[in-house]
Undergrad: 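One structure follows; several queries about it will come next.
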Amino acid sequence: MLETLLPILIFTALALAVIGAVRRIRLWRQGRPSRVNLFKGLVALPRRYLVDLHHVVGRDKMISNTHVATAGGFVAAAVLMILVHGLGIANPLLGGLLLLASTSMFVGSLFVARRRLNPPARLSKGPWMRLPKSLMAFSIGVFLITLPTVGLLPEGLLEGGSSWLLALVLAGVVAWGLGEMFFGMTWGGPMKHAFAGALHLAFHRRAERFSTKKGGAGRSTGLKALNLEDEAAPLGVEKPADFTWNQLLGFDACVQCGRCEAVCPAFAAGQPLNPKKLIQDMVVGMAGGSDAAYAGSPYPGKPVGEHAGSPHGPIVALEGKALVDADTLWSCTTCRACVEECPMMIEHVDAIVDMRRYLTLERGKTPNKGAEVLDNLIATDNPGGFDPGSRLNWAADLNLPLMSDIKQVDVLLWLGDGAFDMRNQRTLRALVKVLRAAEVDFAVLGTEERDSGDVARRLGDEATFQSLAKRNIDTLAKYRFLQIVTCDPHSFHVLGNEYGELGGHYEVRHHSTFIAELFDAGRLTFAPWKGGSVTYHDPCYLGRYNGEFDAPRNVLKALGIEVKEMERSGFRSRCCGGGGGAPITDIPGERRIPDMRMNDVKESGAELVAVGCPQCTAMLEGVVDASAEVRDIAELVADALVERSADDVSGASRRTTASTTAEEVIV
């Protein structure tokens with residue numbers, strides 16, 4: 001009986017899976033075109049899965065090993081089952097391999113079941129709770145029906161008249177497993193992530209994110225530019241179908257593990273954002289329907305079941321409710337913690353900024369002080385609306401060299417809009433002191449410098465961003481310099497990673513990196529640290545966006561400071577709440593993000609928190625009853641400077657003259 005039933009079950013499940021795949025692909029294809037290299041993507045898929053994806057999954061060894069056993073066992077068992085029981089190629093070797101594969105899958109499914117006994121709050125429930133049972137049904141069913149193939153049970157055991165009931169039971173178990181594994185994979189069950197996830201890795205919109213055998217960087221964090229010259233192209237995303245097709249595919253790959261939810265500062269602060277729910281809402285919008293079936297943590301303060309959407313319906317309602325409320329999108333600080341944690345490598349921040357672009361450019365709906373800041377940027381080239389001519393007022397006594405006077409230098413010091421802030425002016429003065437102590441050949445643009453455009457771009461005003469960027473690029477093109485140094489990680493990121501698409505290619509250094517290099521070159525000498533305990537707060541746009549975690553710590557080490565790390569540090573550092581225009585849009589929550597971060601500082605026991613970002617400084621110093629002093633790294637370095645001996649200066653000079661100068665490179 002089984003010899004007849006099994007091929008029917010297997011090929012029926014495969015046929016339904018193919019039909020489901022066609023339907024699913026049609027859902028993704030509702031999105032806008034996006035050119036990808038299909039062949040290259042498919043060839044790269046194994047490496048992206050085995051290396052890049054498992055690099056993220058491997059942060060939890062238990063889950064990583066579970067996934068290897070379960071997924072690897074399933075793929076092998078599925079292929080072998082088709083050969084052995086579908087096509088009837090039954091020999092002991094294939095049968096033995098099939099038993100091994102199904103055993104591996106069963107062992108993995110036991111750990112999946114254990115994970116689901118008392119799941120953490122971040123895991124979605126609902127259909128996901130039945131998945132371990134389905135995995136077990138598939139693996140046990142396949143194992144039992146294969147035993148006769150390898151001679152462990154008599155071939156005709158399940159064919160006799162008295163064994164028909166056992167055969168039917170086994171067929172039923174196998175059918176259950178096939179239904180979840182094959183049918184559910186393309187029709188929307190929990191196993192959907194396997195089908196969509198594999199294609200998402202192959203056709204990812206940021207192919208440059210992945211490593212290569214040649215050692216690819218594996219980091220791509222700059223926002224992609226809108227083509228403002230194309231009048232037919234939508235300005236941002238109004239409806240799900242405005243996303244590109246591979247963005248929709250990426251949303252469908254979500255495994256609802258909630259890692260993004262666990263690290264989201266807005267969710268922790270009780271603001272109406274949960275990155276996992278947002279991605280699931282995009283899936284709802286793509287397929288059409290309501291969010292009533294969502295079985296995970298909702299947006300704080302927003303019950304499930306009130307929102308609905310369709311592929312060509314608005315994501316944010318003009319009135320009433322649609323798929324997502326606007327304040328959900330404006331709660332994001334763009335800290336990128338969700339992207340960094342996602343094992344499926346989904347790009348949450350890209351999607352949020354795309355939707356913000358529509359709200360800002362098409363509807364002018366930037367909340368709270370957002371519109372005022374954008375108006376200031378248009379009128380004065382800085383978000384605070386200050387007189388552009390006052391950009392250097394803080395340095396009236398410093399006699400800073402201007403690029404307009406000297407034309408070429410080794411280092412162009414980019415001041416950023418912290419130049420208008422009295423607190424950040426202390427940091428800038430400290431940095432100037434350090435540069436002069438190290439005899440760095442530097443100059444500033446002065447009143448020729450404009451805002452980098454970071455805030456405008458994160459608020460969705462791509463037009464203002466591109467206007468600022470192009471004018472800055474034109475200004476920079478007039479002068480010769482080796483590198484740009486800045487104490488603002490937001491400017492550092494935008495100049496280094498987002499101006500290139502508009503024609504501006506520069507070598508940009510954060511001041512902590514540059515100071516570390518100066519120290520290593522023997523051009524700075526420090527007095528021993530005599531202060532208290534210190535911790536370090538990683539700025540999102542320096543760490544997660546650009547991978548610079550070591551240089552600030554190396555500078556602190558050079559100062560004689562042993563950093564007391566916070567529980568969340570490095571790539572898992574908690575955002576200060578100052579990025580993405582969040583302080584401007586100011587969506588209320590149950591608590592403040594900088595308060596939570598300062599509490600992290602308090603738990604470390606540190607008396608001082610070292611920072612490397614004007615936004616972080618402002619946010620952390622704004623905490624009432626802060627437990628620790630906030631100092632920029634440049635300030636700590638400037639305070640520790642000691643005059644170098646004649647031998648030190650001579651040695652450093654020899655190293656300096658041996659290095660390349662701007663003139664040598666450019667002329």
Side-chain angles (χ1 to χ4, degrees), residues 411 413-416 418-419 421 423-438 440 442 483-493 496 508-521 523-566 569-570 573 575-576 578-579 597-598 600-601 604 606-621 626 628-642:
V411 171
L413 178 59
W414 185 273
L415 302 176
D421 175 70
R423 173 62 183 87
N424 191 61
Q425 289 165 5
R426 284 159 44 195
T427 299
L428 290 171
R429 293 180 73 88
L431 180 57
V432 169
K433 180 181 177 182
V434 173
L435 296 179
R436 284 183 164 157
V440 174
F442 78 97
Q483 56 186 311
I484 297 173
V485 172
T486 181
C487 62
D488 178 3
H490 298 266
S491 296
F492 164 70
H493 171 72
V508 189
R509 290 269 199 287
H510 184 247
H511 69 314
S512 64
T513 308
F514 192 63
I515 291 172
E517 292 171 350
L518 291 175
F519 176 78
D520 289 342
R523 296 170 66 175
L524 294 172
T525 304
F526 303 138
W529 174 252
K530 295 181 179 178
S533 56
V534 178
T535 190
Y536 172 66
H537 165 74
D538 291 273
C540 303
Y541 277 77
L542 180 65
R544 268 191 297 272
Y545 272 83
N546 289 284
E548 184 58 278
F549 302 107
D550 294 335
R553 289 173 171 81
N554 289 340
V555 172
L556 295 174
K557 184 179 179 181
L559 292 170
I561 295 171
E562 183 177 348
V563 175
K564 300 180 72 170
E565 295 287 1
M566 288 179 270
S569 62
S573 177
C575 175
C576 73
R597 190 51 173 164
M598 187 55 83
D600 294 341
V601 173
S604 76
E607 301 164 75
L608 184 149
V609 53
V611 294
C613 172
Q615 296 274 16
C616 298
T617 303
M619 298 303 288
L620 295 178
E621 285 195 336
E629 183 184 5
V630 182
R631 301 288 302 279
D632 191 277
I633 282 177
E635 295 178 284
L636 298 175
V637 171
D639 288 349
L641 285 174
V642 296

Undergrad: Looking at D488 and G416, would you say the former's side chain and the latter's main chain have a donor-acceptor pair under 3.5 Å?
TA: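 Not confirmed, D488 side chain does not pair with G416 backbone.
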
Undergrad: For E517 and D520, indicate whether the former's side chain and the latter's backbone hold a donor-acceptor pair under 3.5 Å.
TA: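 Flag not set: sc E517 to bb D520 has no pair under 3.5 Å.
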
Undergrad: What heavy-atom pair brings M566 and S604 nearest, and what distance separates the two atoms?
TA: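 Distance-wise, the nearest heavy atoms are CG-CB, 4.0 Å.
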
Undergrad: Atom OG of S573 and atom CG of L542: how far apart are they, to the nearest 0.5 Å?
TA: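 Between atom OG of S573 and atom CG of L542 there are 10.5 Å.
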
Undergrad: Is E607 reaching over with its side chain to a backbone N or O of S533, donor-acceptor style, under 3.5 angstrom?
TA: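 Indeed, once roles are kept as given, a pair shorter than 3.5 Å links the two residues.
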
Undergrad: Considering only heavy atoms from C-beta outward, does the side chain of F442 approach that of R436 to under 4.5 Å?
TA: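 Answer yes - side chains close enough.
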
Undergrad: Spell out, as yes or no, whether a donor-acceptor pair under 3.5 Å connects the side chain of T617 to the backbone of C613.
TA: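 Checking the backbone N and O of C613 against the side chain of T617, a donor-acceptor pair under 3.5 Å is found.
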
Undergrad: For R423 versus V630, what's the shortest heavy-atom pair and its separation?
TA: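 For R423 and V630, the tightest heavy-atom pair comes out as NH2-O, 3.4 Å.
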
Undergrad: Do the side chain of E621 and the main chain of A618 share a donor and acceptor less than 3.5 angstrom apart?
TA: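 No.
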
Undergrad: Donor-acceptor pair, distance only, cut-off 3.5 Å: does the side chain of N424 make one with the backbone of T427?
TA: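 Not a single qualifying donor-acceptor pair exists.
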
Undergrad: Kindly indicate, with the supporting measurements, whether the criterion salt bridge (Lys or Arg N to Asp or Glu O under 4.0 Å) is fulfilled by E629 and R631.
TA: CA-CA 7 Å; E629 183 184 5; R631 301 288 302 279; 3.7 Å; yes

Undergrad: Give a yes or no answer on whether the side chain of N546 reaches the backbone of Y541 with a donor-acceptor pair at less than 3.5 Å.
TA: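 Yes, the answer is positive, given that a donor and an acceptor are paired below the 3.5 Å cut-off.
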
Undergrad: Keeping T535 on the side-chain end and A606 on the backbone end, is there a donor-acceptor pair under 3.5 Å?
TA: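 No; zero donor-acceptor contacts below 3.5 Å.
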
Undergrad: Please assess R553 against D550 for the test salt bridge (Lys or Arg N to Asp or Glu O under 4.0 Å), listing each intermediate value before the final yes or no.
TA: CA-CA 5 Å; R553 289 173 171 81; D550 294 335; over 6 Å; no

Undergrad: Taking T486 for the side chain and W414 for the main chain, is one N or O donor matched with an acceptor at less than 3.5 Å?
TA: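 Yes; judged by distance alone, with no hydrogens or angles, the pair exists.
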
Undergrad: Under 6.0 Å between the ring centres of F526 and F519?
TA: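 Between F526 and F519, the centre distance is under 6.0 Å.
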
Undergrad: For the pair V440 and F514, evaluate side-chain contact (heavy atoms from CB on, under 4.5 Å) and give the outcome as yes or no after the intermediate values.
TA: CA-CA 11 Å; V440 174; F514 192 63; 4.0 Å; yes

Undergrad: So, taking the atom named NE2 in H510 and the one named OG in S491, what distance separates them when rounded to the nearest 0.5 Å?
TA: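 Answer for the NE2-OG pair, H510 versus S491, is 10.0 Å.
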
